[in-house]
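Note that the structure is predicted; figures quoted are calculated from it, not measured. Chain identifiers are assigned alphabetically (A, B, ...) following the order of the sequence lines, protein sequences preceding nucleic acid strands; residue numbering begins at 1 within each chain.
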Number of protein chains: 2
Amino acid sequence: MVTISEVAQLAGVSVTTVSRVINDYPHVSKAKKDKVFWAMDKLGYVPMQAARQMRGSGSQTIGVVVPAIINPFFSYLINAIERTVDKLHYKTLIIQTFGRKQNELTALDYLKRHQVDGIILCALENDWDIIKGYQKYGQIAVCNEYVDEDTIPMVIGDQFNGLRQGTEYLISKGKTKIAYCTGRDSLILQQRGKNFDSDRYLGFTTALQAHDLSFNPAWLFTNAHSIEDGQAILKQLSQMTQKPDAIITGSDEVATGIVSLAKSLNIKIPQDLSVLGVDDQPLAKFLSHPLTTIRQPITQMGQQVAEVLIDNIKGTAEPAQKIKLDLQIVPRESA
Amino acid sequence: MVTISEVAQLAGVSVTTVSRVINDYPHVSKAKKDKVFWAMDKLGYVPMQAARQMRGSGSQTIGVVVPAIINPFFSYLINAIERTVDKLHYKTLIIQTFGRKQNELTALDYLKRHQVDGIILCALENDWDIIKGYQKYGQIAVCNEYVDEDTIPMVIGDQFNGLRQGTEYLISKGKTKIAYCTGRDSLILQQRGKNFDSDRYLGFTTALQAHDLSFNPAWLFTNAHSIEDGQAILKQLSQMTQKPDAIITGSDEVATGIVSLAKSLNIKIPQDLSVLGVDDQPLAKFLSHPLTTIRQPITQMGQQVAEVLIDNIKGTAEPAQKIKLDLQIVPRESA
DNA sequence: TCGCTTTATGTAATCGCTGACATCATTATA
DNA sequence: TATAATGATGTCAGCGATTACATAAAGCGA
């Protein structure tokens with residue numbers, strides 16, 4: 001491989017001079033600078049990042065931890081993050097957890113190893129008490145999850161108001177018996193106090209209460225993630241004696257599962273059952289029943305969390321911003 | 001940060017001994033080995049990759065270059081690659097080109113910089129003559145694109161037979177006037193000889209010829225990528241006097257665009273127009289007209305290309321495998 | 001018990017790059 | 001003109017790991 005000394009030799013200068021040229025330091029004459037550029041070009045030289053890193057420049061890389069990249073929500077989020085990170089001259093290392101705690105910890109180990117200068121967690125697998133211990137090894141920012149910790153920058157959608165408005169929307173359409181799905185495990189839901197998902201839930205119940213509506217606990221569905229989960233939920237619903245007339249799903253996937261099975265179960269959407277999605281995924285509007293859904297500000301979320309994290313890495317940020325972005329209801333045909 | 005010498009000091013041994021323990025070399029007594037493990041654990045030590053790399057171990061990272069991660073085809077491909085790469089104890093650095101030549105070259109520069117030990121190109125932006133020059137800096141493998149070069153490992157779907165069978169399928173359904181869409185630019189299609197997409201096209205025309213059917217050049221649509229492109233194509237079609245009775249799209253996106261607009265243009269699918277997708281994306285079966293489509297072996301493609309590349313990096317591979325995987329027709333309602 | 005191999009451990013050079021420090025040469029200031 | 005300040009350039013230590021080489025101790029057959 002081509003090293004800085006080879007460039008120095010060819011250009012007839014010292015390695016320091018080459019280094020100065022590379023890093024655009026002053027006090028190099030035009031003549032030598034030109035020679036160095038010529039030599040670098042001729043040899044096709046690019047400085048080796050690993051060597052630079054040993055001298056204290058970071059890895060110029062940030063890690064993005066997601067449960068699964070095939071989930072469009074996360075691939076869109078990664079896309080937004082990558083674009084921003086790239087613009088700020090960093091690289092993006094993607095790590096999938098597949099929902100496993102151990103993978104999240106392995107990802108955080110990248111901080112120790114100095115493979116990454118910072119990490120964006122787009123979902124939390126481990127308890128915060130465990131994760132917080134990694135803060136001393138590098139910057140951590142959280143996106144799309146609620147963390148009640150001053151020292152951690154956090155960018156989330158305003159789930160409370162989003163769901164409140166979504167619920168209001170259903171009520172405005174004359175619906176009063178509203179079911180609710182969440183991706184959370186029912187157990188965790190009980191254990192944790194104020195977290196991301198209960199923000200959503202709180203928005204939902206707040207809207208109900210404002211209209212003197214009650215919630216039937218039989219209509220709470222947990223662990224709902226996939227299209228198949230949505231289908232299973234609709235099957236359950238169709239066998240209930242007390243049927244809801246609307247359902248708030250945790251994601252467009254679940255909503256897709258529901259609307260896809262409605263016809264064969266002879267359920268009319270939205271007359272018999274209004275279905276409200278969350279995310280506004282690209283295909284949501286092309287389904288047999290185009291989804292009415294709550295759009296998450298994915299692009300802004302990704303952009304802002306990346307900017308905040310890199311600000312923190314560079315030390316040019318006021319510590320630990322908490323950024324909350326508005327959700328938006330997209331009315332279509334399913335509700 | 002914790003260094004190897006701190007571990008050595010705490011364990012009361014030399015750095016060499018620690019290094020031997022880390023790398024599992026022989027000739028270390030049980031007693032010292034235990035002490036070293038204890039000290040590493042106590043200090044939370046992890047070796048710094050950058051320092052190791054300077055001693056010749058690679059970066060243990062491979063770069064995956066895709067046009068856009070939000071395209072489900074690529075996010076599924078990346079997923080398959082990442083899982084395999086992870087299993088082989090490498091890391092995955094994702095680079096999006098957004099279809100820009102320069103971004104692809106920047107990605108290839110990672111090889112020079114030794115940020116990655118190898119690169120998987122999942123789409124080609126630049127001419128091969130330009131890319132081939134980077135081979136001297138590290139391993140390059142190509143996935144999902146045709147490269148007629150002995151020295152390059154390549155994993156592709158068997159587009160020729162896939163499209164031939166897809167066309168046969170349409171013919172077996174009584175269709176004789178078949179339109180064809182491709183993502184390629186019409187210009188490039190003329191310039192290049194045997195490439196990925198013309199393999200597809202060849203499969204298509206081979207099937208037509210076998211049944212003495214001719215192809216109307218007015219039914220060739222180029223630059224077709226998105227849902228919107230599909231909608232535009234259907235609008236064009238609906239205004240033709242000579243209308244096709246089937247259409248082969250380059251992707252499920254284009255097919256989605258077509259079926260989504262069919263109802264409002266009063267075109268019955270598949271009676272008036274059969275629509276054949278390519279990819280079998282997860283939502284394809286939940287559309288208003290579930291897509292009949294040609295499934296690409298994405299998982300195997302990703303897995304195999306990753307294995308081959310890493311074999312090559314380790315030097316444990318016979319040079320430059322060419323792997324061709326079968327496509328599969330998934331019959332649903334759109335054709 | 002003597003030489004020889006094997007095991008256990010340490011010292012120091014090295015990877016490519018940066019930057020503190022040193023050294024002249026040149027220009028500005030008194 | 002003497003002195004100080006600034007510019008241009010070079011020498012070399014050091015970042016954290018690996019590894020060639022050196023050395024000492026232990027094992028072993030004759």
Side-chain angles (χ1 to χ4, degrees), chain A residues 1-37 39-40 43-61 109-117 137-138, chain B residues 1-40 43-61 89 109-117 137-138:
Chain A
M1 79 165 302
V2 186
T3 71
I4 196 172
S5 9
E6 294 174 52
V7 174
Q9 196 153 28
L10 181 61
V13 299
S14 74
V15 289
T16 313
T17 303
V18 178
S19 178
R20 284 203 180 94
V21 172
I22 294 169
N23 297 290
D24 203 25
Y25 285 162
H27 307 314
V28 181
S29 65
K30 177 86 168 59
K32 302 229 165 177
K33 198 180 259 184
D34 286 346
K35 263 193 194 164
V36 169
F37 277 132
M40 290 202 295
L43 297 173
Y45 168 80
V46 245
M48 180 172 167
Q49 176 59 30
R52 303 182 116 173
Q53 197 179 332
M54 290 209 60
R55 299 287 319 188
S57 90
S59 59
Q60 307 295 321
T61 304
D109 270 340
Y110 282 38
L111 284 174
K112 279 195 195 173
R113 212 187 308 269
H114 291 255
Q115 305 252 149
V116 299
D117 297 340
Y137 302 117
Chain B
M1 78 164 302
V2 186
T3 71
I4 196 171
S5 7
E6 293 174 52
V7 175
Q9 196 153 28
L10 181 62
V13 299
S14 73
V15 289
T16 313
T17 303
V18 178
S19 177
R20 284 203 180 92
V21 172
I22 295 169
N23 297 290
D24 203 25
Y25 285 162
H27 309 314
V28 181
S29 66
K30 177 88 168 60
K32 301 230 165 180
K33 200 180 258 184
D34 286 346
K35 264 194 194 165
V36 169
F37 276 132
W38 167 82
M40 290 202 296
L43 297 174
Y45 168 80
V46 247
M48 180 173 165
Q49 176 60 29
R52 298 183 123 175
Q53 198 179 332
M54 289 207 61
R55 298 290 314 177
S57 90
S59 59
Q60 308 294 323
T61 304
H89 306 291
D109 270 341
Y110 283 37
L111 285 174
K112 279 195 195 174
R113 213 186 308 269
H114 292 254
Q115 304 253 152
V116 299
D117 298 340
Y137 301 118

- Message: Taking side-chain hydrogen bond (donor to acceptor under 3.5 Å, both in side chains) as the definition, give me every residue that meets it alongside A:Arg20, ordered by chain and number, with sequence neighbours left out.
- Response: none
- Item | Side-chain donor/acceptor of A:Asp117 to backbone N/O of A:Gly58, under 3.5 Å | no
- Note on the structure: With sequence neighbours left out, the residues meeting side-chain hydrogen bond (donor to acceptor under 3.5 Å, both in side chains) with B:Ser14 are B:Thr17
- Note on the structure: Contact span of DNA chain C against chain B, any nucleotide atom under 4.0 Å from a heavy atom, 5' to 3', runs C:dT7 to C:dG16
- Only one of A:Val7, A:Val13, A:Val28, A:Thr16 clears side-chain contact (heavy atoms from CB on, under 4.5 Å) with A:Val21; which? A:Val28
- Message: Applying side-chain hydrogen bond (donor to acceptor under 3.5 Å, both in side chains), can you list everything that pairs with B:Asp34, at least two apart in sequence or on another chain?
- Response: B:Lys30
- All salt bridge (charged side-chain N to carboxylate O under 4.0 Å, His left out) counterparts of B:Lys32, not counting sequence neighbours: none
- Does a side-chain heavy-atom distance below 4.5 Å link B:Lys35 with B:Leu10? no
- Under a 4.0 Å heavy-atom criterion, the protein footprint on nucleotides 7-20 of chain D, written with B, S and -, is SBBBBBBBBBBBB-
